[in-house]
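Both counts, for ligands and for their atoms, begin at 1 and track the order of listing. No hydrogens, no waters, no symmetry mates; every other heavy atom, side chains included, goes into these values.
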Amino acid sequence: MKERCLVLIKPDALEKRITGLVVDRLERLELDIVAAKTLAATEDLIRKHYAHLAGKPFLESTVHYMMGDYNHIANHKIIAFVFQGEDAVKKIRTALGATNPDNAAPDTIRGSFGKFDKVADVVYNCVHASDSAQDAEREIALWFKPGEVLDA
Ligand code: TYD
């Protein structure tokens, strides 16, 4: 089924300058990029994005990570993409690998570029992707204005 998927390149990935490597992996999936922009996400946007983590012990560390706090990135940035195509969510999440890079297969994006800080219990997994077509629509509405997303 043709669907859309939000992808976020997280602040540490921008700092490491691996955006091109991540997008290279994603482009092999033969989906269409229908929106892209760089932004310094507000804490409010990040908390809305991760609303489903309410009550989880790792919510605060996840918000700090997305704000660039752990990497001491003063002007933290995120690049947001919308990919569109057949089974976009499944294809992208398979390419990403498991949430915790320690559990992600080595040839996946998170397995290749992410890391898990066991001491601080912070998951640096470099990239986000929507976990369903339905959630993708909710997330895209948070990160993009309607006119910013093309219909491929
Ligand atoms: P989640 O939506 O469950 O995973 P995914 O990003 O793979 O869709 O979790 C959102 C983020 O929360 C995840 O990218 C990293 C963080 N997180 C932890 O720090 N510890 C955990 O045990 C889990 C499940 C998530």
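Taking a heavy-atom cut-off of under 4.0 Å, ligand 1 is surrounded by K10, Y50, H52, L53, F58, T62, R93, T99, R110, V123, N125.
Under the side chain to side chain donor-acceptor pair (under 3.5 Å) criterion, the residue pairs touching residues 53-70 are D12-Y65, R47-E60, H64-D69, with sequence neighbours excluded.
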Practice task
Decide side chain to side chain contact (heavy atoms under 4.5 Å, CB included) for N125 and F113; before the verdict, give the C-alpha distance in whole Å, the side-chain angles of both, and the deciding distance to 0.1 Å.
Solution key: CA-CA 7 Å; N125 57 12; F113 307 121; over 6 Å; no
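The closest side-chain heavy-atom distance from F81 to V34 is not below 4.5 Å. Residues I46 and M67 meet the side-chain proximity criterion, which asks for heavy atoms closer than 4.5 Å.
For Q134, the CD atom is loosely surrounded, since the number of other residues' heavy atoms within 6.0 Å does not exceed 12.
Remark: K37 is positioned above the aromatic ring of F144, its terminal NZ or CZ atom under 6.0 angstrom from the ring centre and at most 45 degrees off the axis.
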